[in-house]
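Following: one structure in structure tokens, then a few remarks.
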Amino acid sequence: MKINGLNAAQQEAVLAVEGPILVVAGAGSGKTRVLTHRIAHLIEAYDIFPSSIMAITFTNKAANEMKNRIESLVGPVTSQMWVGTFHAICVRILRRDGHHIGYSSDFVIYDTADQKALIKSCFKALNLDEKQTPIQSFQYKISGAKNDMLSPEQYETLFSKDFRERDFIKLYKMYQDRLKQNQALDFDDLLIKAIELLKNTPDVLKYYQNKFRFIHVDEYQDTNKAQYTLVRLLCAQHKNIFVVGDGDQSIYKWRGADIRNIQEFEADFPGAKIVKLEQNYRSSKNILDMANGVIKNNPRRRDKTLWTDADEGDKIRYYQAYDEKDEARFVVGQIKRLCKDSGYKRSDFAILYRTNAQSRVLEEVLNIEAIPYKVVGGLKFYERKEIKDVIGYLKLMVNPFDDVSFLRVINEPKRSIGDKTIERLNGYAQDHALCLLEACAHVDEIEGIGGKTAEAIKQFYELIKSLGARLDTEFASNIFDELIERTQIIAAYEKERNDDADGRIDNIYELKTVIEEFEKREDVSGLRDFLAEASLKSDQDNISDQEDGVLLMTLHASKGLEFPVVFLVGLEENLFPSYRAQDDDEELEEERRLCYVGITRAEKVLYITHTKNRNHYGRFEPRRPSIFLSEMDQRLIEVMGERPLSAVLKENKSKEHSFFDIKTHKKNPYMPASPHLEKNTSFEGKTFSPGDKVMHKIFGTGMIVTVEKDLKALTIVFDAHGIKKLDPAIAPIKIIG
DNA sequence: GATGCTGCGCAGAAA
DNA sequence: GCGCAGCATC
């Protein structure tokens with residue numbers, strides 16, 4: 001293997017073999033190259049067994065890429081290596097050894113939808129009101145607690161004094177009990193239970209600690225407490241831990257990522273070696289300068305400046321659109337022009353946005369112009385109803401304890417089994433400590449279920465049992481065929497006779513193809529593995545190199561990818577940065593890192609756009625340019641369309657009290673440094689802030705859009721009377737929320 | 001028990 | 001502008 005294709009810093013990282021190593025790798029600095037060469041070097045120069053190497057990546061796609069690149073360096077050695085995401089690696093550990101903590105190897109994985117269904121059933125049992133506490137808020141809380149590694153019991157000890165937490169504590173407990181009963185694990189559990197297993201069974205811990213002499217972690221800046229704990233446990237014996245990350249690209253704080261993991265690496269792992277990769281091989285100089293200019297506005301960061309040998313390249317192209325339609329037309333127009341004039345392929349383009357909802361208009365225009373595209377994320381294949389239904393059947397066959405899947409499919413397609421029947425089944429199951437499927441075997445003993453309904457239940461039970469019994473001996477695709485035949489699930493859609501149903505039928509056939517493909521692979525076995533893989537698919541995993549289409553995705557989904565031409569759209573206040581960053585410096589810094597990630601995805605051409613107006617909740621609203629635009633170096637920008645960015649920014653400033661200026665980032669000497677803070681203004685104990693809903697005696701309901709200095713006037717948009725400017729001292733208004 | 005309609009709440013990012 | 005929950009109706 002050749003080391004000499006690498007620069008000095010890269011070589012230093014690759015050649016450091018033993019002990020803890022942190023590679024601070026800026027965007028596009030060749031970290032995958034370093035990781036793959038390092039692993040190849042271990043195998044080739046030190047005769048390390050591939051089976052003692054683990055590499056944890058952020059997506060399955062990255063894992064596969066890494067395997068391929070290692071094999072192209074040293075041949076087919078990766079089948080014995082453990083390369084995968086945190087979740088996939090935990091599944092592997094739990095399948096093998098989960099029985100030590102009470103999980104059979106047939107456990108199923110609950111995705112967010114399954115999780116929601118389970119929480120819902122707990123809500124019912126606990127008599128909680130969905131309207132008072134939305135299920136989703138508890139869903140986030142459970143995930144948050146698990147990311148911080150708090151069990152229901154630990155959570156209770158910490159918060160039992162707070163009466164507002166009482167419902168949640170009860171719910172969290174019940175949720176966790178039911179997961180166990182169902183032999184199911186949610187995403188966060190995969191980590192938590194793997195850690196629990198290692199901590200509670202010394203022999204198992206020793207086995208893995210012994211086995212893995214070299215452990216690698218990619219995107220280390222985005223690890224959370226649980227992931228960090230797992231890594232520490234695994235590498236405790238050999239202490240050969242090699243992590244790669246970039247604090248400036250930490251964008252997952254909201255799902256528990258703890259940036260301190262990378263900041264305190266040296267303290268956590270004494271004797272750590274640090275290597276910085278600062279040469280960028282991806283982007284033109286202008287793009288890199290633009291990125292550096294934005295990220296340097298973050299006060300707390302390891303100082304690091306990416307540089308490049310590359311040419312300046314094109315200027316950053318800037319366009320202010322009238323509204324989101326205009327923005328989309330501009331983007332698509334540029335794509336068409338570049339394809340025609342500059343020889344770009346459609347797959348050279350990526351359109352990046354802050355929120356998934358922004359994809360709709362872009363898709364509409366791409367459709368009109370007949371340009372093929374692919375949206376990454378959004379409604380995923382495995383989240384579609386018909387797919388979840390079929391998968392639900394398969395899950396139930398593998399694991400009869402899975403009540404969530406049972407409830408999902410018992411009346412799908414319609415078997416005339418409604419709420420009443422389910423309630424009775426459930427009552428019987430609870431009384432006799434059975435799972436719902438087993439309760440079906442006793443349907444004759446259950447009062448109130450008889451005739452046609454009882455018959456349907458018996459048939460359902462027989463179906464699951466008989467197919468389930470053949471899982472280990474027959475091809476999954478055969479079982480799949482029989483399932484479709486006996487449930488008549490496709491036949492039911494055929495009866496509907498509409499496009500929607502036709503699409504669903506296609507999807508079910510597509511699922512069959514996927515299963516058949518899966519069966520051909522050698523590195524996996526059986527339906528269990530298939531189901532786990534299906535649950536753990538990430539958005540990025542679905543990006544195919546084959547298709548020639550424009551890619552649309554969120555900035556988050558774009559992490560780790562690169563494209564010749566990038567469009568960064570919707571650079572507007574309260575969209576990007578998100579409105580949630582308004583009063584929160586840390587959030588704003590994370591948004592800025594997200595902006596940095598977006599800019600550094602571009603290799604040759606970068607476009608930035610924003611709109612003057614945008615439809616939001618179906619309402620046409622004025623927009624203000626993003627603070628990030630004002631942080632960009634104007635000399636790097638080329639204006640497309642008529643108005644220069646400097647004029648747009650200046651204009652925005654001068655209209656301080658206008659309708660177009662709901663909130664300004666102006667520095668106020670009486671407030672902390674954040675330009676994002678704006679204090680409410682108060683009047684005789686009343687406070688008024690933009691965004692407040694008000695009730696006026698004559699004009700009815702409306703919303704405050706601006707509050708003038710010293711509360712001289714309020715601009716309010718009334719639902720029925722339009723815009724009014726009123727004096728809060730005399731106007732008959734009150735805040736209604 | 002199935003089906004179709006209406007209105008509310010909403011959209012911050014995800015394995 | 002969309003999807004889901006709840007309700008009315010068959």
Side-chain angles (χ1 to χ4, degrees), chain A residues 56-63 84-91 109-116 120 130-131 134-136 139-140 143-144 146-147 185-191 219 222-224 226-227 250-257 324-325 352-361 363-364 376-380 382-383 385 411-422 452-453 456 492 496 532-542 553-559 570 574-582 584 587 590-591 593-594 597-598 614-621:
Chain A
I56 305 172
T57 57
F58 204 66
T59 64
N60 296 303
K61 185 173 185 255
T85 62
F86 272 106
H87 291 91
I89 279 171
C90 288
V91 168
I109 300 166
Y110 279 179
D111 65 16
T112 23
D114 302 325
Q115 186 182 34
K116 199 170 182 183
K120 205 168 185 176
E130 255 187 74
K131 276 181 194 136
I135 287 184
Q136 202 179 278
Q139 208 171 352
Y140 282 128
S143 185
K146 288 184 178 179
N147 282 331
L185 298 164
D186 64 23
F187 287 139
D188 303 311
D189 267 356
L190 293 172
L191 279 142
E219 308 281 9
D222 280 324
T223 50
N224 62 29
Q227 292 164 335
S250 163
I251 55 172
Y252 281 105
K253 180 166 152 273
W254 54 274
R255 67 179 207 206
E324 73 274 16
K325 266 230 162 94
L352 309 181
Y353 37 78
R354 180 63 180 82
T355 68
N356 280 309
Q358 287 168 260
S359 76
R360 214 197 73 249
V361 182
E363 287 184 70
E364 279 168 16
V376 180
L379 186 61
K380 282 162 252 170
Y382 288 101
E383 284 171 5
K385 181 191 179 304
N411 199 31
E412 190 61 56
K414 302 277 172 277
R415 296 189 179 84
S416 293
I417 297 169
D419 294 348
K420 281 272 146 52
T421 310
I422 304 240
K452 232 180 78 192
T453 313
E496 284 186 29
E533 210 176 274
S535 310
L536 298 177
K537 270 243 150 54
S538 77
D539 284 342
Q540 279 196 8
D541 298 340
N542 298 320
M553 70 189 92
T554 62
L555 286 150
H556 282 92
S558 76
K559 167 146 118 164
N574 298 336
L575 180 64
F576 188 31
S578 156
Y579 64 96
R580 285 169 206 252
Q582 271 181 91
D584 189 330
E587 285 267 359
E590 178 142 320
E591 297 282 318
R593 290 193 290 270
L594 194 54
V597 167
R614 185 179 290 275
N615 276 295
H616 189 230
Y617 292 143
R619 293 167 83 116
F620 199 61
E621 288 176 355

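Naming convention: chains lettered A, B, ... in sequence-line order (proteins, then strands); numbering from 1 in each chain. None of the values given here were measured: they were computed from a predicted structure. Only this structure's heavy atoms are used, side chains among them; waters, hydrogens and symmetry mates stay out.
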Taking the same atom, P, in C:dC4 and in B:dA13, what whole-Å distance lies between them?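 Their P atoms lie roughly 16 Å apart.
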Quick check against the 3.5 Å criterion: does [X] have a side-chain atom that pairs as donor or acceptor with the backbone of [Y]?
| X | Y | value |
| --- | --- | --- |
| A:D541 | A:N60 | yes |
| A:E219 | A:T57 | no |
| A:D186 | A:S143 | no |

Electrostatic pair A:E363:A:R360 at N-O distance under 4.0 angstrom: no
Which part of the nucleic acid, if any, lies within reach of [X] when heavy atoms closer than 4.0 Å are counted: base, sugar-phosphate only, or nothing?
| X | answer |
| --- | --- |
| A:Y579 | sugar-phosphate |
| A:K120 | sugar-phosphate |
| A:Y140 | base |
| A:D419 | sugar-phosphate |
| A:Q115 | nothing |
| A:N356 | sugar-phosphate |
| A:R360 | sugar-phosphate |
| A:E591 | base |
| A:K385 | nothing |
| A:T421 | sugar-phosphate |

Look at the aromatic rings of A:F187 and A:H87 and report parallel, tilted or perpendicular, splitting at 30° and 60°. perpendicular
Closest-nucleotide ordering on DNA chain B, the 5'-leading residue of A:H616 and A:I417: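 Nearest-nucleotide comparison on DNA chain B picks A:I417.
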By nearest heavy atom, map A:Y617 and A:N411 onto DNA chain B; which one lands nearer the 5' end? A:N411
With a 4.0 angstrom cut-off to heavy atoms of chain A, pull out the first and last contacting nucleotide of DNA chain C, in 5'-to-3' order. C:dG1 to C:dA5
Using purine N1 to pyrimidine N3 plus N6-O4 or O6-N4 for Watson-Crick, or N1-O2 and O6-N3 for G-U wobble, both under 3.5 Å, which nucleotide pairs with B:dA11?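 The answer is none; no pair meets the criterion.
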Do we see a donor-acceptor contact under 3.5 Å between the side chains of A:E324 and A:Q358? no
Chain A footprint on DNA chain B, 5' to 3' - any atom under 4.0 Å from a heavy atom: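 First and last nucleotides in contact are B:dG1 to B:dA15.
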Carefully, step by step, assess A:R619 and A:H616 under the rule side chain to side chain contact (heavy atoms under 4.5 Å, CB included). CA-CA 5 Å; A:R619 293 167 83 116; A:H616 189 230; 5.7 Å; no
Go through A:H556 and A:D539 one step at a time and tell me if the side chain to side chain contact (heavy atoms under 4.5 Å, CB included) criterion holds. CA-CA 10 Å; A:H556 282 92; A:D539 284 342; over 6 Å; no
Within 45 degrees of the axis of the six-membered ring of A:Y252 and under 6.0 Å from its centre: does A:R255 put its NZ or CZ there?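 Pair A:R255/A:Y252 counts as cation-pi.
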